[in-house]
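First the structure, in the form of structure tokens, and then the observations on it.
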Amino acid sequence: MLEHPLALASGAPASSLARVDEARLRRIVSAQFDALWRFLRRLGVPESDVDDAVQEVILVLARRLDEVRDGSERSFVLSTAFRVASGMRRQVKRRREVHDAPLLERASPGLDPEAAAEQQRLAALLAQVLDQLSLELRAVFVLYELEDFTMAEIASALALPAGTVASRLRRGREAFERLAARALGEGEVP
Amino acid sequence: MTEPVRLRETGGAARALLSAGKLSVPHASRQRALAFTSAAASFATAGTAAAAGATSLVKSVVMCVCLGTLGGGVASLAVSETVARWQAPPAGARPGAAALAPQSAGRPRPAAVANPAGELESVPAPSVAPVPSVAPVPSVAPVAQPATLPERQRVGALSGAASASPTLAPAAAAPRAESASSPRVSNLFDEQRVIESARAAVSRGDAPSALATLDYYERSYAHGQFGPEGLALRIQALSAQGDLARARSLAAEFRQRHPHHPLLASVQAAVQSAPSKR
């Protein structure tokens, strides 16, 4: 019977290694999943790629699980998500590919067709406007305006100084209001 | 910090747009994420050993991937490579490796995420943690093998009876063409680890975890050395969860691409014997 190849290579049996606390990992993923998924989408990760981005976050979380203190799980997950989204954005730019229209939410059930179409139009405009913000401003903006984080929570989640959060939020809001007015004034989704 | 009033509570264009920003999280995505946690924990646990092994290897790399659940038999694939082989100029990417990547069970294949060891610079790669070197004690002497044995011979030599002997077989047809030699060694460990994790998931009947792990494998190692093995595991996982139509389609693809592969019989048996649950 062959030994496990990793044991062969390392000279140490695998059983001597520190085990990752899989139960804790699963608990964190389960508890933070909705916030993670929405945050990745709101940062512009296309729906076709968001599951893969989630996997990347989970891998980082698993590797560094021992460093994640109780109570700081969400912060770790979201700050990791920000870096993953940032990496994906660079890749997309390099490949010069156009992805799906992000944040195109399915129309809410119960809406009449006209209202559903209007909701879709606004969602597309929202995606357009958010895409024009830098990722740094966008992250702070969406956590505050769409996820209802407090500024202190954002500072903790993204590991930023409070002053930086305040500054980015102010600039993000100003830019968003300007862009939103222009988008609604000019109207159409290309 | 003074919290400003949220824009959607004010008015104007910003409010109109933000009111359309509600997102509902797909249940299937949550299930896929949870299914992946087991594999991620496994990678993280093995990462230390893999990194140490890759660091301390002097002359050889030995890999075994046991596809013990396929067809009720044990098919083992051992891959041996000398460092010289890894450092040799690549003969070209393994033909069909990228095309091999099948569609995952419920979603389109990803386009944006590349090998985590490379493209996502800001995200630590699965096995890059610096680890003190462990004394290398390879129990198998490095043996240089011809680089071009046919696939049947390469894998067949290890099928079934392979477990009895650590005889080294030549590696897959060509090393990855896109990375440097040292990362190749590390990547081979990483690849083996992912495939082994998928195999373990299939063995314990956890098809969702196996499929999530194989998705990760295909995304991370587009020109991976274990393409046929990964595909065989996917076919079995799909069969196990009752997705026979997809399993049979992939089995046909497997037969077309690897008509002489020793796992072919096991693959066919997996799709013939599985009851449809859908």
Side-chain angles (χ1 to χ4, degrees), chain A residues 1-3 5-6 8-12 14 17 19-20 22 25-26 29-30 33-34 37-38 41 46 48-56 58-60 62-63 65 83-84 86-88 91-92 97 103 105 119 122-123 125-126 129 145-146 150-152 162 166 173 176-177 180-181 183-184, chain B residues 1 3 6-8 12-14 16-18 20-25 29-30 32-34 36-38 40-41 43-50 52-53 56-57 62-64 107-108 110-114 116 119-124 126 129 134-140 163 166 192 216 219:
Chain A
M1 184 77 180
L2 277 177
E3 290 180 75
L6 300 180
L8 282 179
S10 67
L17 299 169
R19 295 287 308 175
V20 171
E22 186 179 332
L25 177 66
R26 190 178 175 85
V29 171
S30 179
F33 180 79
D34 287 5
W37 193 93
R38 283 199 307 265
R41 292 286 288 123
S48 59
D49 290 346
V50 72
D51 283 356
D52 301 320
V54 166
Q55 283 195 348
E56 297 298 334
I58 293 172
L59 283 169
V60 175
R63 280 199 306 275
L65 194 58
R83 288 193 293 275
V84 168
S86 178
M88 293 181 81
Q91 287 180 265
V92 169
E97 287 185 10
L103 300 184
E105 176 69 328
Q119 189 183 49
L122 290 174
L125 285 173
L126 172 63
V129 169
E145 297 289 350
L146 291 168
T150 66
M151 292 168 72
R173 283 161 58 98
F176 185 87
E177 285 188 286
L184 284 182
Chain B
M1 280 183 276
E3 303 275 329
R6 286 179 170 75
L7 290 176
R8 66 175 188 274
L17 290 192
L18 290 169
K22 184 173 175 293
L23 276 179
S24 54
V25 180
S29 288
R30 163 179 280 273
R32 274 194 286 272
L34 291 173
F36 187 64
T37 55
S38 176
F43 301 162
T45 298
T48 303
S56 61
L57 272 180
V62 179
M63 292 285 166
C64 295
R107 63 196 180 98
V113 181
E119 297 286 54
L120 280 174
E121 305 98 303
S122 60
V123 180
V134 178
V137 192
S139 61
V140 181
S163 309
Q192 183 272 340
Y216 170 75
R219 185 175 78 250

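Not measured: the values here are computed from a predicted model. Residue numbering restarts at 1 for every chain, and letters A, B, ... go by the order of the sequence lines.
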Might you point out which heavy atoms bring [X] and [Y] nearest each other, and give the distance in Å?
X	Y	answer
A:D51	B:S29	OD1-OG, 2.8 Å
B:A40	A:A62	O-CB, 3.5 Å
B:A16	A:L122	O-CD1, 3.8 Å
B:T37	A:E22	O-CG, 4.4 Å
A:R38	B:L23	CD-O, 3.7 Å

Using modelled atom types and a 3.5 Å cut-off, is there a donor and acceptor pairing between side-chain atoms of B:R8 and backbone atoms of A:E145?
yes
Keeping B:E3 on the side-chain end and A:T150 on the backbone end, is there a donor-acceptor pair under 3.5 Å?
no
Would a 4.5 Å heavy-atom cut-off, applied to side chains only, mark B:F36 and A:L59 as touching?
yes
In Å and rounded to the nearest 0.5 Å, what is the CZ to CG distance from B:R30 to A:D34?
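B:R30 atom CZ to A:D34 atom CG measures 5.0 Å (nearest 0.5 Å).
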Interatomic spacing from CG in A:L126 to NZ in B:K22 - rounded to 0.5 Å:
14.0 Å
Of the listed residues (A:V129, A:L65, A:L25), which shares the most heavy-atom pairs with chain B below a 4.5 Å separation?
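Max contact count across the listed options: A:L25.
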Kindly write out the residues that satisfy side chain to side chain donor-acceptor pair (under 3.5 Å) with A:R26, not counting sequence neighbours, or none if the list is empty.
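With sequence neighbours excluded, A:R26 shows a side chain to side chain donor-acceptor pair (under 3.5 Å) to no residue whatsoever.
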Who are the side chain to side chain contact (heavy atoms under 4.5 Å, CB included) partners of B:A33, not counting sequence neighbours?
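Applying side chain to side chain contact (heavy atoms under 4.5 Å, CB included) to B:A33 gives A:V29, A:F33, A:V54, A:I58.
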